[in-house]
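A short worksheet on the structure shown next.
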Amino acid sequence: MTDQIATKTGTVGDVVLEAVNISRDYYLGRGRSGPVLSAVREVSLSLYRRGVVAIVGESGSGKSTVARMLAGQETLTSGEVRLDGNVVHVKHRKAFRAYKREVQMVFQDPFASLNSVHTVRHHLMRPIKIHRGIQGRQAIEEEMSRLLNLVSMTPPELFLPKYPHELSGGQRQRVAIARAIAASPRVLLADEPISMLDVSIRLDILRLLSDLRETLELAMLYITHDIASARYVADEILVMYAGEIVERGPAEEVTQKPAHPYTQLLVSSAPNPDALGSSLRTGTKVVPGQAGSALSSIVGCRFSPRCPFADEQCRSTRPPIVPTNDGRLVACWHLDQAASSSVTIAPKSRATRTKKVAEKPE
Amino acid sequence: MAEPAMNDVPKTTRATAQARAKDSTEVLPVFDIQGLSIVYRSDAKDTKAVTNVDLALMPGEIVGLVGESGSGKSTLAYGACRLLRPPAIITSGSVTYRGRRIQGEAMSVLEQSRSELREIRWREIAIVFQSAMNALNPVLKVQDQLFDVMDAHLSLSRAEKQDRAESLLDLVGIARDRLKSYPFELSGGMRQRIMIAMALAVDPEVVIMDEPTTALDVVVQREILAQIVELKDRMGFSVLFITHDLSLLLEVANRIVVMYAGHIVEVGTAEQIHHTPAHPYTRGLLNSFPSLHGPRRELAGIPGTPPDLSQLPPGCPFMPRCTFASDRCREVDMRLSPVDSSVGAVHTTACPFVKPEDHETPVSVRTRSSK
């Protein structure tokens with residue numbers, strides 16, 4: 001699991017941040033007598049210098065909880081987080097602050113993550129003062145300009161006095177990213193950084209994150225529900241379902257040849273412009289249903305209620321995550337079956353719906 | 001679906017004399033926006049949110065309206081239903097509604113009185129609003145909100161309403177016992193489905209969907225889209241689908257209307273937009289989303305930011321961001337003209353210079369030809 005992965009650029013750094021079998025339980029009833037929700041169960045992952053790891057999953061799959069645990073904002077029920085090989089304890093304020101200097105987060109909603117009564121200047125000045133200890137007006141101003149240049153908000157003098165409401169969604173997210181890198185961290189945890197943005201803006205932000213990963217040598221965790229964007233930024237993809245990792249491997253392999261039935265569902269659900277309507281009609285094989293339940297009372301595979309291949313074994317025994325022969329890890333009892341009927345979206349003519357079909361194959 | 005009050009025809013007292021075409025084979029659009037312009041007026045300036053827009057929705061059709069935030073797509077839809085209040089002002093244009101329940105007559109939406117508007121809103125033209133959390137009343141049960149819609153437009157007994165509410169939930173794939181739930185007890189996908197059920201509660205002819213799946217997961221999004229397509233086929237309404245995600249529209253829409261800075265820049269079928277985009281902005285949108293299927297391709301995106309609508313330069317508003325821009329673009333009047341005269345007005349673009357094949361040519365050739 002700690003084998004090094006090849007990054008898109010071919011080079012890979014050392015492990016910076018590591019999670020070893022981390023779990024998080026929530027007690028739903030009063031006290032500890034009620035049902036237990038294991039929001040995250042035994043997740044292990046490693047973030048490398050200059051590497052991007054993506055966690056993909058639906059709402060409630062526990063992907064944000066993993067990020068919060070890595071950021072030291074959520075206590076672990078079991079397992080440990082290691083920074084440079086040392087187990088992280090963020091029990092008291094000073095340790096938490098020191099940890100934050102190394103590990104920063106970018107949040108989903110740039111409308112909520114910036115304080116609307118403060119200017120861009122304020123948002124950038126605080127981390128510079130707190131984490132970097134830079135003194136003197138001139139030095140701080142220079143550092144703020146450098147940060148805004150890094151996130152392509154130029155000229156900086158124009159943006160420093162602005163309030164969040166005067167900025168567009170994309171600009172706000174850039175400020176949030178600038179704030180995160182102001183502490184000059186080594187790890188950046190990006191929790192759905194583009195899902196609230198316009199499609200045309202998303203690409204810019206993704207590109208910015210990729211550039212920063214290179215120039216600042218960041219280790220990055222990219223959390224998303226859009227597996228297509230993970231394909232473009234990440235080196236390794238982890239697919240989470242109901243708190244567990246069901247599949248992990250190099251980005252291209254996972255997205256092009258999904259092995260786990262849930263990954264197949266995710267891939268087939270992504271909009272596919274080339275199919276032009278057909279797949280919406282044919283429907284997916286998987287039973288549509290509620291999001292996966294992470295209640296600890298479920299003994300078998302948590303995806304089994306929605307899985308087309310589920311049988312008695314799936315419902316009674318939890319599948320271990322095992323390596324396949326093409327170098328990834330999958331947790332499924334019926335890999336052969338799933339692989340053989342791997343979801344294919346058959347291009348079907350849409351001539352019944354529209355009269356004129358442009359004759360131009362691409 | 002149970003249809004207890006299908007025959008009650010809303011009164012159209014002041015309908016314009018524009019009767020249906022004599023030629024019965026010609027199908028007229030059910031919702032027809034002509035030359036609509038909307039501005040947000042303040043003392044200092046007018047912000048031109050929508051400028052001279054034509055948009056026709058044929059019966060049973062899904063038309064996709066795509067554009068960035070602030071391109072005027074929501075203003076266009078709400079303005080056409082007269083849901084905007086000052087400072088938004090409709091400065092010109094007409095909106096014609098021709099529903100099946102309005103026999104042989106067309107209704108000019110912009111000329112109706114308030115009480116007449118109340119008759120057609122929701123009954124004829126319903127809207128699925130953008131954020132289901134804010135659009136549902138948090139202190140009323142799902143059932144009461146559905147009943148409210150029916151009370152406003154139909155006269156049904158309590159039992160009939162109950163029946164209808166239950167069959168509506170069946171339609172959108174939610175268990176019947178959820179009628180007694182409050183919105184906060186439902187997941188995001190379920191709330192969005194409730195919004196769709198509410199829009200369909202009194203069997204409208206036109207459903208406007210304003211970013212109905214934006215906040216949802218891809219899996220849920222796909223389920224809801226499939227449901228919309230299926231319901232449309234079954235109940236025969238027309239859909240105006242507003243989104244910023246062109247990749248979605250390519251799958252779900254029959255025709256796609258691309259909007260930029262208040263102007264429509266290109267109209268075409270999904271195939272035409274996908275394979276032979278004419279306008280550089282459409283091309284930029286197509287290059288903006290990462291694709292999961294097929295080989296990894298280099299994504300270009302669209303450089304720059306959308307313009308300030310209160311200070312639009314003369315000519316094409318996309319000029320500052322366009323790779324094809326030259327001085328002649330300042331003269332462009334943004335009128336739509338056919339891309340290929342042999343195909344006709346099915347595929348139109350506001351850019352008179354750039355042709356679909358130009359997007360294939362290398363940059364060096366491009367700059368030479370644009371002199």
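Here is the naming used below: chain letters follow the sequence lines, and residue numbers restart at 1 for every chain. Nothing here was measured: the structure is a model prediction, and the numbers come from that model.
Between the side chain of D235(A) and the backbone N or O of V52(A) there is at least one donor-acceptor pair closer than 3.5 Å.
Summarising the geometry of I237(A) relative to R231(A), their closest heavy-atom pair is CD1-N, 4.2 Å, with the distance given to 0.1 Å.
Heavy-atom distances place both the backbone and the side chain of D198(A) under 4.5 Å from chain B. Both the backbone and the side chain of I302(B) have a heavy atom closer than 4.5 Å to some heavy atom of chain A. In this structure, chain A has no heavy atom under 4.5 Å from any part of Q227(B).
Taking R328(A) as the reference, E247(A), D326(A) meet the salt bridge (charged side-chain N to carboxylate O under 4.0 Å, His left out) condition, with sequence neighbours excluded. Contacts of D170(B) classified as salt bridge (charged side-chain N to carboxylate O under 4.0 Å, His left out), with partners at least two apart in sequence or in another chain: R176(B).
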